[in-house]
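Because the structure is predicted, anything quoted here is derived from the model rather than measured.
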Amino acid sequence: MTNIERKQISQRLALFERAAVLFERFGPVVPVAIAFLNGWPTEVQLYPEWQLGESWRLFLSANLYWGASYALSRAVSFAKGSIVP
């Protein structure tokens, strides 16, 4: 791999890393905004009401966004490790 190719890959990886950081920072806002726009309950409910109500969607989507953020940050760290000479 030439230095020019390595520099292009590292620049793209830097952009990908910035996107991962922004997704990690603002990712949890997305499910809350969707819940607000769809009228889902955003308050924390007790266990019986949690099973019967619709608030499980908010918690599930927040956990899915957290998992996606974690996977994205791990992908960036693996990619950084693979291009180091």
Side-chain angles (χ1 to χ4, degrees):
M1 183 181 319
T2 64
N3 286 336
I4 295 171
E5 291 172 338
R6 187 173 285 124
K7 185 177 178 182
Q8 287 177 347
I9 290 172
S10 64
Q11 286 175 348
R12 290 177 185 166
L13 189 58
L15 288 174
F16 191 56
E17 186 176 15
R18 285 187 212 130
V21 167
L22 288 174
F23 186 74
E24 185 176 351
R25 184 177 299 157
F26 298 113
V29 174
V30 173
V32 173
I34 292 171
F36 178 74
L37 292 174
N38 287 336
W40 294 345
T42 55
E43 70 274 358
V44 176
Q45 298 176 352
L46 297 175
Y47 183 70
E49 292 85 16
W50 188 63
Q51 281 187 331
L52 298 174
E54 300 280 326
S55 65
W56 62 270
R57 292 181 181 180
L58 178 66
F59 293 108
L60 177 66
S61 60
N63 284 330
L64 288 175
Y65 272 86
W66 176 81
S69 169
Y70 179 72
L72 192 58
S73 65
R74 294 297 296 165
V76 168
S77 67
F78 285 138
K80 273 183 152 181
S82 68
I83 65 166
V84 174

Measure across S69 and F23 and return the closest heavy-atom pair with its distance rounded to 0.1 Å.
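Closest approach of S69 to F23: N-CE2, 3.6 Å.
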Can you give each donor-acceptor pair under 3.5 Å made by side-chain atoms of residues 7-20, sequence neighbours left out, with the distance rounded to 0.1 Å?
from : atom 1 : to  : atom 2 : distance (Å)
S10  : OG     : R6  : O      : 3.2
S10  : OG     : K7  : O      : 2.8
E17  : OE1    : K80 : NZ     : 3.2
E17  : OE2    : K80 : NZ     : 3.0

Hydrophobic cluster (4.5 angstrom, side-chain heavy atoms) - remaining members for F26:
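Besides F26, the cluster holds L22.
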Holding to side-chain contact (heavy atoms from CB on, under 4.5 Å), I want the full list of residues that pass it with V30, two or more places apart in sequence or in another chain.
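Checked V30 against side-chain contact (heavy atoms from CB on, under 4.5 Å); matches are I34, Y65.
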